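So the structure is just underneath, and the comments pick up after that.
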Protein chains: 2
Amino acid sequence: MEKTDTTIQKVKQKIYKAGYKLTSQREDILRVLLDNEHLSAEEIYLKVKSENSGIGLATVYRTLELLSELNIINKIAFQDGISRYDVNDNDRQHQHHYLLCLNCGKIDEVEKDMLIDVEKEVEKSYHFKIKDHRLTFHGLCKKCIEEADDQNKG
Amino acid sequence: MEKTDTTIQKVKQKIYKAGYKLTSQREDILRVLLDNEHLSAEEIYLKVKSENSGIGLATVYRTLELLSELNIINKIAFQDGISRYDVNDNDRQHQHHYLLCLNCGKIDEVEKDMLIDVEKEVEKSYHFKIKDHRLTFHGLCKKCIEEADDQNKG
DNA sequence: TTGATTGCAAAATGTTTGCATAATG
DNA sequence: CATTATGCAAACATTTTGCAATCAA
């Protein structure tokens, strides 16, 4: 059995236990979410539609809300006003980080947490109980740095 | 001369040097931004309007874009789909961090950077040149933790 | 004086909602 | 069979744009 299938089974169980119904649309959306990273609702809608035509955008939004509520996915907002969604990795306690290239717009990911000490300090200094975090670095990706270097050299 | 006035003079100079005109609307918006933190465009619009009636929301958006472009303010996006804006502190190289309470919605700020070592590691591992970052912690603020504790005690 | 800026209204974008129909458990 | 979920269209909220009038330099 593929890893994706195992995950789908687990998630379906979670949905079922929470008292919701298992519909083909929910499974389709979940599959797309598992196969991709930081997709927008529109992108998910188009992908599901291309594989299995006949889904509504409203269903995508409603499903994304449901999956967020069940903590199966995370909603992330960059500065462009579009929400994106990532499946929550169960092996990971926290949301990973993002590298947003200001030049080409590419979004990369940083898997390593690296914030454990920072969080400890924040919790202590501010009496704030941290549940999760969102961290995005803005800058230049490897490719764009290299292209800029090439141009400088002539 | 007040600190705010000094800052306004500096920013006006920056706008002027960039070839833009100094209008009363721009100054009004700037003043509101300096007196407040993480306001939305709508909130800025209402504040300016209440002091000096006769500004358009479109002007607010256009000015916010201009000020962002000149690196005078930062646009931040939480998960609610509304963009907020903060004046860039010149003494600080990087955007500060936010503490978003999941219970009451309050947004606090963490002034200390604390990410210097993390950034060094990211730059090295990913060949990514970091220009800025956005970090928000999601959790429970002091007040909400205390209220939850009180309820548990009876 | 002239080109940038404004305010208004209209349009565009992303998301949510109401409701009749369809599907799940 | 009773709900829950869906798809569509309409509503909504935020942001952007076109354009004539206004203002700063």
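Given the structure is predicted, the values throughout are model-derived calculations rather than measurements. Below, read A as the first sequence line, B as the second, and so on, with proteins coming before strands; counting in each chain starts at 1.
Counting non-hydrogen atoms under 4.0 angstrom, B/Ser83 reaches the backbone sugars and phosphates but no base. In this structure, B/Ile55 reaches the sugar-phosphate backbone alone: every heavy-atom distance under 4.0 Å involves primed, P, OP1 or OP2 atoms, never a base.
Recorded end-axis angle for the helix from C/dT1-D/dA25 to C/dG25-D/dC1 stands at 40°, based on five pairs per end and rounded to 10 degrees.
Under the side chain to side chain contact (heavy atoms under 4.5 Å, CB included) criterion, A/Lys120 pairs with A/Ile116, A/Asp117, not counting sequence neighbours. Every residue was checked against the ring pair (Phe, Tyr, Trp, His ring centres under 6.0 Å) condition with B/His138, not counting sequence neighbours, and none meets it. Taking the side chain to side chain contact (heavy atoms under 4.5 Å, CB included) definition, one finds that A/Glu37 meets it with A/Asp86, A/Glu109, sequence neighbours left out. A search for salt bridge (charged side-chain N to carboxylate O under 4.0 Å, His left out) contacts involving A/Lys143 returns A/Glu147, not counting sequence neighbours.
Every pair passing side chain to side chain donor-acceptor pair (under 3.5 Å) that includes a residue from residues 60-69 of chain A is listed here, sequence neighbours excluded: A/Tyr20-A/Glu69. For residues 17-26 of chain B, no residue pair satisfies the salt bridge (charged side-chain N to carboxylate O under 4.0 Å, His left out) rule, not counting sequence neighbours. For residues 109-137 of chain B, every residue pair satisfying the ring-ring contact (aromatic ring centres under 6.0 Å, His included) rule, not counting sequence neighbours, is listed here: B/His94-B/His133, B/His97-B/His133.
Within the 4.5 Å cutoff, side-chain heavy atoms of A/Leu67 are placed close to those of A/Ile15.
Across B/Gln79 and A/Arg134, no two heavy atoms sit closer than the pair NE2-NH1, 3.5 Å. The shortest heavy-atom contact between A/Gly105 and A/Leu100 is O-CD1, 3.9 Å.
The residue among B/Ile82 and A/Tyr45 whose nearest nucleotide of DNA chain D is located toward the 5' end is A/Tyr45. Comparing B/Lys75 and A/Thr59 against DNA chain D, the residue whose closest nucleotide sits nearer the 5' end is A/Thr59.
The pair B/Lys112-A/Glu121 counts as a salt bridge, with a side-chain nitrogen and a carboxylate oxygen less than 4.0 angstrom apart. Here B/Arg31 pairs with B/Asp5 in a salt bridge; the nearest charged N to carboxylate O distance falls below 4.0 Å.
For DNA chain C, the outermost nucleotides in 5' to 3' order that have an atom under 4.0 Å from a heavy atom of chain A are C/dG14 to C/dG25. Note that the first and last nucleotides of DNA chain D, 5' to 3', having any atom under 4.0 angstrom from a heavy atom of chain B are D/dT14 to D/dA25.
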Which pairs of donor and acceptor atoms, one on a side chain in residues 39-48 of chain B, lie under 3.5 Å apart (sequence neighbours left out)?
unit_1	atom_1	unit_2	atom_2	d
B/Ser40	OG	B/Glu43	N	3.2
B/Ser40	OG	B/Glu43	OE1	3.4
B/Glu43	OE1	B/Ser40	N	2.8
B/Tyr45	OH	B/Lys49	NZ	2.9

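Near DNA chain D, defined here as any heavy-atom distance below 4.0 Å, the residues from residues 17-37 of chain B are B/Lys21, B/Leu22, listed numerically.
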